[in-house]
Amino acid sequence: MLRMSTLFLRTLREDPSDAEVPSHRLLVRAGYVRRAAPGGFTWLPLGWLVYRNVENIIRDEMDKAGFQEVHFPALLPREPYEATGRWTEYGPNLFRLKDRRDNDFLLAPTHEEMFTLLVRDLFSSYKDLPLSIYQIQTKYRDEARPRAGLLRGREFVMKDSYSFDLNDDGLRESYRRHREAYISTFDRLRLPYVIVSAMSGAMGGSASEEFLAPLDVGEDTFVRCTSCGYAANTEAVSVAAPAPSTATTPPARVVDTPGTPTIDSLVAFLNRSEELARPEGTWDAADTLKNVALMLVYPDGTRSPLVIGLPGNREVDMKRLEAQVGPAEPMPFTEEDFARFPMLVKGYIGPQMLGEQSASQIRYLVDPRVVDGTSWVTGANSAGAHVVGLTAGRDFTPDGTIEAAEVLEGDTCPSCSAAMTIARGIEIGHIFQLGRKYAEALDLQVLDGDGKQVTVTMGSYGIGVSRAVAVIAESHHDELGLVWPREVAPADVHLIIAGKEGGPQRSAAEQIAVELDNRGIRVLFDDREGVSPGVRFKDAELIGVPTIVVVGRGLDDGLIEVKDRATGERRDVALNEVVSHLVDICVL
RNA sequence: CGGGGUGUAGCGCAGCUUGGUUAGCGCGCCACGUUCGGGACGUGGAGGUCGGAGGUUCGAAUCCUCUCACCCCGACCA
C-alpha cells in the first residue's frame, strides 16, 4: 500500500514552463519524473512503479516467446564498433569518451557488436541455433536536440533482442516470432500502433518494419494506403514510377527567361509568355524539372557533389535523402560550393552537363517519375535561360534514380495505385532482418551438418521502454491529468477520505485500505491530514490511477463512491460490498 | 548547425528600459487556530551565490563581454 502521507511525492499546481508535450507536462506535474540532465530524467516512486510495470510486461512477452535475457555493460570499448565500421558511421550521435589511459570508449546506442561477439565466444555449431537473446539496458545517444521530455532523451532504456540463425528461412522465422511478440506486447501495454515498412538506416540489413504510435508529437512521418493496407515510413516509400513513354516530343530549345531563379518565378514567366503558350493549358510547377545541388559529406570527411532532378512541384525530403545516401550526410550547397563548381549556375541548373560521364563529372540522380520520354522545362546552365522540351533518354541520361522527393498527401500507393494519406507517428518498436553484416565483420560462423563453416544470419529488434511510458501517457490522458491503463498504472485504486477531520470517514477508509491490500489490490491511499477534499480530488485526477474510491458524505448511509477515472462514471456501493466490488473491477 | 525566446526561493512569475534601503508576488513548505465533497481562510514564520565567469562603477538582478542551460522554430530548394 502506498500512503500519501509518507510517499515521496509532490504534485505541482501549475504546468512546468519548459514542458510542451502532454506526456512531459503531466509526468512532471503529477510527480512521476524530474529532469536531471539535458535529455535525462529521474524516476520518482510513482514513475518507477509505472516504468517497472512496462518493463515487466515487455520482459514477460519476451520470455513467453522463448527469448532469453542477458545483460551487457553500457560502457564499451571502441574495437568491436571499429570492426563493423560503426565507430565512424554512427556519426556525432554516438557518445564517445576516453578513459584515464586515453583509450576510446563509447556509451552504447545499441549492442549488435557485443551480442555477436558473445555468441561467437560460446556457440560454434548449427545445433545451437536458432537463438534469440535480449537485454533491457540503458542506451545513450548524443542527440543534437533532446526534446519532448521522455520521448526523446539522450539516455533512455531500450529492450533490444538479437536473433541468430543458420539461413534465411530461419531468420524469417525468428523475425516473424519477434513480430508476434511485439504485437502482443504493445497490445498489453495499450499502446496504439501502426506497423510500417521502414529503412534499416545505420543498422544495415534488409527487411525492416517499425511500430509507430500514431501521434502528432511524433517525429516520424508515415503514409497509409486508403485501400490496400500498405503502410510505410516516408523514408521507405518507393515512388510508383510511370511507364516510359515512346511518344515523340518536340525538340528541345533554349529560351530566355530573365529573372526566373525559382520555380514559382519560372512558372509565372512561362504562363505570361505568348510564344510558349500551350494548347493543352497553363504551365504548372510539375512541368518543370528542378535540379537541386547538394554536397555529400562522408564520415571520413570527403565531400562529393550530387545533383538531384525532380518535378518542380516537389521539394527534396532531407530525411528520405539521408536514408538513401547514408552514412554520407547531405548538406545544402553553399555559396562557396557554387564558387567551386562554376558550371552549376544557381537557379538555372540543367541536366545537359551533369552526370558522371559528362564534362562536369558531377553525379546526377533523378526522381523515379523522370522516366525516359518525359519532357521538361529546366535550367539551361546559364543565368536567365531555360530549356523547354528537354526529354529524358533523348536529351539527357541521368546516372540513376533516387528516392528523395517529398511524399505528398494523395500520392499513389506503390502497391495498389490508390491514394495515400500522411500522418505523424513516434517509433516505439523496430524490427530488422540484419542479415550477415555483423556476423561477417566479427567473424561469427558455425559448423553446419556437413562440417562446413557457415556465417550466421542475424536479426535485431528494439523496443523503447522509457519512451513507451511516455507514449502511454501521451495517448492516455485528458484535460485533468493522466489516465493510466490498469496494466501499467502505479496502483489499482486511489482511495480518498472526503469527510470532516476526525469523522468516521478516516477509520472506514483505513479499514477499506487494509482489506484491499490484503486482497492483493494495489492501493494508493490519500491518508494525508489537513488536506482539503478539493486537493485530494485534483491530485487523484492528475495522478491517474484507474479507479478512484471516495469515502465521504455517503458513509452516513453506508455508501462508498467508486469512480472510473477514464469514463468518469461513478456509482455508490454499500460499505460491506465495496471490497469485493473493487476486487472484481481490479482483477483483470 | 542557424534563428528567436527565457534563466530571479521547490513551482509559476514581477522587478531590468532609466544602476542606489533589507529583492518582491502567488502557489507550495513550517507553526497555531478555523474550515472539511472540488486545488479553503486567518495570523506568524523559514527559504535566494538573481544560471555561471569576467568587466564597467563609489555601488550591478539591472549596463557590457564571454559562457552554460532550457524552450520554440528552421534544418532545405534553385
Side-chain angles (χ1 to χ4, degrees), chain A residues 9-21 24-25 28-31 34-40 92 144-149 219 257 259-267 285 288-295 297 307-322 329-335 337-338 344-351 378-381 383-384 386 404-406 480-481 496-506 526 528-542 548 550-556 559-561 563 570 572:
Chain A
L9 169 74
R10 184 108 305 148
T11 57
L12 306 178
R13 186 188 289 245
E14 287 160 290
D15 283 335
S17 66
D18 61 348
E20 195 72 15
V21 301
H24 186 195
R25 213 178 65 225
V28 172
R29 192 147 95 83
R34 299 286 295 174
R35 197 193 80 92
R145 185 181 154 199
R147 63 184 109 175
E219 44 204 7
T257 57
T260 57
T262 65
I263 294 294
D264 283 349
S265 57
L266 173 61
V267 170
T288 68
L289 178 64
K290 175 158 74 180
N291 296 294
V292 180
L294 295 148
M295 189 58 78
V297 183
V307 176
I308 295 177
L310 66 162
N313 62 329
R314 288 176 196 264
E315 311 290 359
V316 170
D317 180 327
M318 289 305 266
K319 279 191 176 170
R320 269 167 61 74
L321 177 59
E322 276 172 34
E329 195 184 342
M331 306 289 287
F333 234 53
T334 61
E335 292 301 329
D337 291 327
F338 277 111
L344 297 180
V345 183
K346 187 173 180 179
Y348 301 92
I349 301 172
T378 191
N381 297 306
H386 280 84
E406 65 180 332
L480 296 172
I496 288 176
I497 302 168
K500 217 177 167 96
E501 198 73 55
Q505 281 84 3
R506 172 166 289 271
D526 191 350
R528 293 175 294 181
E529 289 183 17
V531 175
S532 71
V535 172
R536 297 184 200 270
F537 287 122
K538 292 289 184 198
D539 273 346
E541 280 146 356
L542 181 60
I548 298 170
V550 185
V551 183
R553 59 188 171 207
L555 186 66
D556 295 341
L559 295 174
I560 305 297
E561 180 179 316
K563 188 171 157 188
R570 43 174 106 179
D572 290 325

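All heavy atoms count here, side chains included; hydrogens, waters and symmetry mates do not. Being a predicted model, the structure only gives us computed values, none of them experimental. In what follows, chains are A, B, ... by sequence order, proteins preceding strands, each numbered from 1.
- Here, B:U22 and B:U6 have their P atoms 29 Å apart, quoted to the whole Å.
- Shown here are the salt bridge (Lys or Arg N to Asp or Glu O under 4.0 Å) partners of A:Arg506, two or more places apart in sequence or in another chain: A:Glu501.
- Atom CG of A:Asp539 and atom C1' of B:G28 are 12 Å apart (whole Å).
- One atom, CD of A:Glu529, and another, P of B:C30, lie 12 Å apart when rounded to the nearest Å.
- A salt bridge is absent between A:Lys563 and A:Asp572: the closest approach of a Lys/Arg side-chain nitrogen to an acidic carboxylate oxygen does not fall below 4.0 angstrom.
- Residues A:Arg35 and A:Lys500 both approach RNA chain B. Their nearest nucleotides, taken by heavy-atom distance, put A:Lys500 toward the 5′ side.
- One interatomic measurement links the two molecules: CG of A:Asp15 to P of B:U6, which rounds to 20 Å at whole-angstrom precision.
- Atom name C1', nucleotides B:U56 and B:U62: the rounded distance is 13 Å, in whole Å.
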Under 3.5 Å, N/O pairs linking protein and nucleotides 40-42 of chain B:
| from | atom 1 | to | atom 2 | distance (Å) |
| --- | --- | --- | --- | --- |
| B:A40 | OP2 | A:Ser532 | OG | 3.1 |

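- Across all strands shown, B:U21 forms no Watson-Crick or G-U wobble pair with both key distances under 3.5 Å.
- A salt bridge links A:Glu315 with A:Lys290; the closest basic N to acidic carboxylate O contact falls under 4.0 Å.
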Distances under 3.5 Å between nitrogen or oxygen atoms of protein and nucleotides 76-78 of chain B:
| from | atom 1 | to | atom 2 | distance (Å) |
| --- | --- | --- | --- | --- |
| B:C77 | O2' | A:Glu315 | OE1 | 3.3 |
| B:C77 | N4 | A:Val316 | N | 3.2 |
| B:C77 | N4 | A:Val316 | O | 2.2 |
| B:A78 | O3' | A:Pro261 | O | 3.2 |
| B:A78 | O3' | A:Ile263 | N | 3.4 |
| B:A78 | O2' | A:Gly347 | O | 3.4 |
| B:A78 | N6 | A:Ala293 | N | 3.4 |
| B:A78 | N6 | A:Ala293 | O | 2.6 |

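- Residues A:Arg34 and A:Gly552 each lie close to RNA chain B; by heavy-atom proximity, the contact nearer the 5' end of the strand is made by A:Arg34.
- A distance of about 27 Å separates the C1' atoms of B:G4 and B:G55, rounded to the whole Å.
- Contact annotation: A:Ser17 reaches the phosphate of B:C13 (side-chain N/O to OP1 or OP2, under 4.0 Å).
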